[in-house]
Amino acid sequence: MHTFKLNKLCCLGLFALSSSVLSTSVLAAATAEGTVDHGDGTFTYTQKIDVSSTAPHYTPPASGGFNIYSGYDEDYGWQHSFLDITTNPLIQIQSATLLIRGYDIDSESFWGTAGEYDGISVDGVDLNPGLLQGANNTWSETTFDVPISSISDDGLVNTFLDINMNYGPGVSGWMTTLDYSLLTITYMEINNSPPYKPELSMSPSSCDATTDSDLVVSVTGPTPADPDGDTVSYLYRWFVDIGQGSVVDDEVAGKTDHQGDTVLSSQTVDGETWRAQVTAVDSNGLMSDPEFSTWTSISTDCDGDGVDDVYDDYPTDPERAFNNYDPEGTLAYEDLWPDKGDYDFNDFVLYHTFNKITNGAGNIKEIEMVGSAVARGASYPNAFAISLPGTEAANIESSTVTIDGSASALVPETGHTGEAVMVLIGNVFDVLPAGGFPYYNTQDGDERPFISLAFNAVFETPVTVAALGDAPYNAFIYRVGERGKEIHLMDKMPSDLADLSLLGTADDASDAGSSTYYQTATGHPWALLLPSTWSHPFEYVDILIAYPQLQVWAESGGVTNPTWYNFPDNTFCWKCL
């Protein structure tokens, strides 16, 4: 590696000197270009851009550029043009390529991900094979297919070189220099239209491909294949990523130069990504834009999210990788806040299990909840909602609530900043109605079925675990018709729509200055989160009677009797065992 650096430095000075001499030659042509008439109605146009070209084709950057050794922070671009296509409607491009001649491009496969990655893009789109190819201390030429649409739209081909794209820890400060960029366009003047872009199918599917599979791409349409009825054939070009981080021509990667619709299994290796490029060509020689089929990380990482399939809970989904289930728990509410009321904690009881679905980077793409609405001991109608902190309503890509098997879309509640509030139940009475009993599963003899409740929210931009916090996040109830009367778990913040004038009144000792919310002066809450299913007190039975250890737990700040919920007085609990 020391020799490598010295060679680079020596050559850097020579090329910089050469560039300074050439750049002062005002007599040099701005661009070398020309057209060859083949006499059969076809033409070939070439345009060469190099250090002698002038604006708008090439403007030397502040550092780096043609004929100068350039590193990762000296990227630059240039512009090819074929303006005839903007003035002559009879021109039909048959093919377009970009040949770039460069020196000392260390892209040999043995470097792996630590090698030199010099990306080429046109009009902001990476070309295939995407990277310059070459070897240490040699000149090399890399030919890229240029999408015809990138020329036909405005006649301009804005080209950009991204040098040493992988620069970072463990990657050398690779440098390279370019001699020239040559655009070659073959076209004809004919009142004809190119064939349609092909439609493809692949066998096997990307995620079913193994090293025992032949990779086959098939043209399935469209029908007709050509707008003018010309006969159409198809050109195949194959690329492979053998662990370098980007696909390159299969022949460059040391494979067979495949030109048909199949790559045999003997040519593939675990973890490789293979891509087929298929272009339609009509009988006049006109070409379509190419279409692609890609087999990603064969037998290893089907969806390309950086998580091997063997560990990936969602091996075909690049936005999801892991399930993170919380144990089953119980939410229980007393709804007479800021008064303690009968303090029976059965006004709404919910069993629940949450799942955080994270991506390969460990951020949350989706949350799911499945559970059951168990009991309603409230005389007042209440709604049940969950505030998701650390995000915004606009970041909810989609959300659904399913009650007793009936699903409906959810829209975040308006009026909130820094949180997305989802109202899962608009009125608990509608889910747990009165019947033979005025309440639901809170009186002796009332043993009606639980009502299933499921909820999910998908985030447009994944949310960090730290920002969202732990399930059930900020779940709360509020009085229907009195939206501001919210009841949260102890020390959870009220939402932006809460009536803050109620804080610190009656039995409530909330103090926003110390972030103390929804508890009495002695630390008694109005909402409970239990780490298991739980038997709630009967109607009108104070929880301190049904669970005698709770008072000491609450008044000790949760230090004493931490498992108080396991020690009920069975006389006073609904279905206590």
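Values below: all heavy atoms of this structure, side chains included; hydrogens, waters and symmetry mates excluded. Because the structure is a prediction, the values reported are computed rather than measured.
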Chi angles and distances behind the salt bridge (Lys or Arg N to Asp or Glu O under 4.0 Å) call for Glu33, Lys48: CA-CA 6 Å; Glu33 59 186 329; Lys48 185 177 182 180; over 6 Å; no
Any donor-acceptor N/O pair, Ser81 side chain to Leu83 backbone, under 3.5 Å: no
Thr268 and Ser265: side chain donor to acceptor below 3.5 Å: no
Residue Glu251 excluded, over 12 heavy atoms near CD under 6.0 Å: no
By side-chain contact (heavy atoms from CB on, under 4.5 Å) - contacts of Glu419 (at least two apart): Ser387, His416, Val421, Ser495, Asp496
Distance-only donor-acceptor check, side chains Glu366 and Asn456, under 3.5 Å: yes
No-hydrogen, no-angle side-chain donor-acceptor test under 3.5 Å, Ser181 and Trp78: yes
Side chain His258, main chain Thr256, donor-acceptor under 3.5 Å: yes
Any donor-acceptor N or O pair under 3.5 Å, side chains Tyr187, Gln92: no
Donor-acceptor side-chain pairing of Asn284 and Asp230 below 3.5 angstrom: yes
Between Asn324 and Thr358: side-chain donor-acceptor atoms closer than 3.5 Å: yes
Ring centers of Tyr325, Phe354 separated by less than 6.0 Å: no
Side-chain donor or acceptor of Asp75 paired with backbone N/O of Ile163 under 3.5 Å: yes
Asp270 atom CG, neighbour heavy-atom count above 12 within 6.0 Å: yes
Donor-acceptor side-chain pairing of Gln277 and Asp145 below 3.5 angstrom: yes
Between Glu319 and Asn359, a side-chain donor and acceptor under 3.5 Å: no
Partners passing ring pair (Phe, Tyr, Trp, His ring centres under 6.0 Å) against Tyr58 (at least two apart in sequence or in another chain): Phe66
